[in-house]
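Remember, it's 1-based here, ligands and their atoms both numbered in the order they're listed.
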Amino acid sequence: MALIVQKFGGTSVASISHIENVARTIMGTREHGDDVVVVVSAMGLETDRLVDLANEIGVGNPAMHREMDVRLSTGEQVTIALLSMMLTKLGCDAKSYTGGQIPIVTDSTHTKARIEHIECRGLLGDIGAGRVPVVAGFQGVDKDKNITTLGRGGSDTTAVALAAVLKAKECQIYTDVEGVYTTDPRVVEDARCLERVTFEEMLELASLGSRVLHGRAVEFASKYNVPIRVLSSFSKTPGTLITGEEDSRMEQPIISGIAFTRDEAKLTVRGVDDVPGIASSILGPISAANIEVDMIVQNVAADNSTDFTFTVRRGEYERALTILKKVAEDIDAREVTGDNKIAKLSMVGVGMRSHAGVASKMFRILSEESINIQMISTSEIKISVVIDEKYLELAARALHSAFDLAPKTVKD
Ligand code: ADP
Ligand code: ASP
Ligand code: MG
């Protein structure tokens, strides 16, 4: 007998009949002899609706971030109650918990809090009594009992964190696709479901835009060595297993997957003096305003003056532009330009370590499609490029095909 944490995403709990399906999956696992702790998301697109409502009022004022979390956390609270009621009706003892009731203690960074501690005595008591605890994902409380949320997609992180503290055998993430694919199957039709992925690759894929798993969830899994299995709520396929080990049965593929995100914007300060301290005088005020910077490029100076370009999240673009215009005046730069219609596409694979030439092939494929590369960044196991957003899907399809990521068809 083992303990398994099962997390069900928004689409998996979108209606009462979906919730019944989820209850039957949980009961099936228990009939196999395993104990289950459940984590759920808000129903369907409920969190989007809650965000939109708050945006109608406007949440620019930091004092409102606390109230945003009070509002956002309500979505999951509805699901835990409905699922616990459904389990009880079907004859399975269950009890719902909000993040604060466990408690899942986080820091106080509203809307993107980090888990600091989980008190699991109550959950262990339920398991001992043969009861299924149903925990609200995505939420916690800070040390002053303020409700916090973990960032969009954060229910995955609740599930993996619980699996870590409860020393579960596996954390199962039930979603609306059959596992982790070579790229988003909703964009590239012949994307292939992967049998296994390493934590290292999944961490890159998640942080570079594959929203199938929350990046922090993979960080937790890797740190505490919790195997994650991503699988479908709607079909009985084995899904994708994510662990620390590389699959020894086969040669590592050079590229495991392609991730992309439209959540990008680019800012350039033109004509800055090429002297020590310029990067810090440009980025200092940006980081003081709590704006995260991703890729950075500084050109080589031709005539003692240079251009400095960096990317930020699209939602922070206007704020960053305003700050930068002021900085440009202070440092006597020529002008500030920006573009918020860009996208970042990344190829990820541990096999890249032992294979040269991946970058040049990637650049050749993009040039054959007449796609201009605006920025490049690389690490040992990934290559990212910034391109015009309107070419994102074309680029993803072309690279997916050129790097043979589609399922192998048997030729007769
Ligand atoms: P849930 O509500 O269950 O948490 P999400 O919408 O957060 O589901 O994540 C599942 C979605 O992630 C899929 O519907 C798919 O469109 C998207 N996705 C992006 N990249 C990938 C990938 N590499 N593999 C699988 N799904 C992906
Ligand atoms: N309901 C939250 C969201 O939509 C958390 C989650 O589903 O993981 O982002
Ligand atoms: Mg999700």
Side-chain angles (χ1 to χ4, degrees), residues 6-14 18 22 39-52 54 68-69 71-80 99 111-113 135-140 148-161 171-197 201-218 228-235 237 239-240 242 255-263 345-349 392-393 396 399-400 405-406:
Q6 295 186 325
K7 177 254 168 179
F8 298 88
T11 322
S12 311
V13 292
H18 285 78
V22 163
V39 174
V40 284
S41 292
M43 294 170 75
L45 301 175
E46 178 63 7
T47 310
D48 291 341
R49 191 184 73 85
L50 294 170
V51 170
D52 291 346
M68 185 73 176
D69 277 350
R71 173 145 205 101
L72 285 184
S73 65
T74 60
E76 273 69 13
Q77 191 167 337
V78 170
T79 324
I80 52 170
T111 73
K112 45 185 175 198
V135 181
F138 173 59
Q139 57 178 264
T148 54
T149 64
L150 309 180
R152 296 303 306 269
S155 295
D156 299 335
T157 299
T158 308
V160 177
C171 182
Q172 299 179 345
I173 305 286
Y174 282 86
T175 185
D176 56 3
V177 288
E178 289 188 359
V180 178
Y181 284 67
T182 45
T183 191
D184 189 337
R186 300 193 194 285
V187 172
V188 179
E189 300 80 49
D190 58 1
R192 177 168 48 92
C193 186
L194 298 162
E195 218 176 297
R196 297 186 67 144
V197 181
E201 286 169 316
M202 196 64 231
L203 202 52
E204 291 283 6
L205 287 169
S207 64
L208 294 167
S210 298
R211 75 163 195 277
V212 65
L213 274 179
H214 196 228
R216 287 279 297 145
V218 190
I228 304 182
R229 188 179 292 277
V230 177
L231 65 180
S232 166
S233 281
F234 307 100
S235 72
T237 44
T240 304
I242 304 154
I255 304 299
S256 297
I258 299 176
F260 42 81
T261 168
R262 293 178 168 85
D263 185 18
L345 178 145
S346 311
M347 298 210 307
V348 174
L392 179 60
E393 300 194 353
L399 291 167
H400 194 266
L405 295 177

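Rounding to the nearest 0.5 Å places OG1 of Thr149 at 3.5 Å from CG of Asp69. Rounding to the nearest 0.5 Å places OG of Ser207 at 9.0 Å from CE of Met202. Rounding to the nearest 0.5 Å places CG of Leu45 at 7.5 Å from OG1 of Thr11.
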* For salt bridge (Lys or Arg N to Asp or Glu O under 4.0 Å), just list the numbers for Arg186 and Glu393, CA-CA rounded to whole Å, side-chain angles, deciding distance to a tenth of an Å, and then say yes or no. => CA-CA 10 Å; Arg186 300 193 194 285; Glu393 300 194 353; over 6 Å; no
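Shortest contact from atom 24 (N) of ligand 1 to any protein heavy atom: Tyr181 N, 2.9 Å. Remark: minimum distance from atom 27 (C) of ligand 1 to any protein heavy atom is reached at Val212 CB, 3.7 Å. The single protein non-hydrogen atom nearest to atom 25 (C) of ligand 1 is Gly179 O, 3.3 Å, given as residue, atom name and distance.
Between Ser41 and Ser155 the shortest heavy-atom distance is OG-OG, 3.3 Å. Ala206 and Gly215 make their closest contact through CB-CA, 3.8 Å (heavy atoms, listed as atom of the first residue, atom of the second, distance).
Of all the atoms in ligand 2, the ones that sit under 4.0 Å from a non-hydrogen atom of Phe138 are 2 (C), 5 (C). Taking every heavy atom of Val180 and a limit of under 4.0 angstrom, the matching atoms of ligand 1 come to 24 (N). Numbered from 1 in the order shown, with element, the atoms of ligand 2 that lie under 4.0 Å from a heavy atom of Ser41 read 6 (C), 7 (O), 8 (O).
The residues Asp156 and Arg211 are annotated as not salt-bridged, no charged nitrogen and carboxylate oxygen being separated by less than 4.0 angstrom.
Considering backbone and side-chain N/O atoms, Lys7 comes within less than 3.5 Å of an N/O atom of ligand 1. At least one N or O atom of Gly153, backbone or side chain, sits closer than 3.5 Å to an N or O atom of ligand 2. Checked against a 3.5 angstrom limit, the closest N/O atoms of Arg186 and ligand 1 fall inside it. Taking only nitrogen or oxygen atoms, main chain and side chain alike, Val177 does not reach within less than 3.5 Å of ligand 1. The shortest N or O to N or O distance between Lys7 and ligand 2 is not below 3.5 Å. Considering both main-chain and side-chain atoms, Asp184 comes within under 3.5 Å of ligand 1 through a nitrogen or oxygen pair.
At a heavy-atom cutoff of 4.0 Å, ligand 2 is contacted by no atom of Glu46, backbone or side chain.
Between atom 6 (C) of ligand 2 and the options Gly75, Ala217, Ser155, Ser73, the minimum heavy-atom separation is to Ser155.
Distances shorter than 4.0 angstrom occur between a heavy atom of Pro185 and an atom of ligand 1. The shortest separation from a heavy atom of Cys193 to ligand 1 is not under 4.0 Å, leaving the residue out of contact. Using 4.0 Å as the threshold, Gly154 has a heavy atom nearer than that to some atom of ligand 2.
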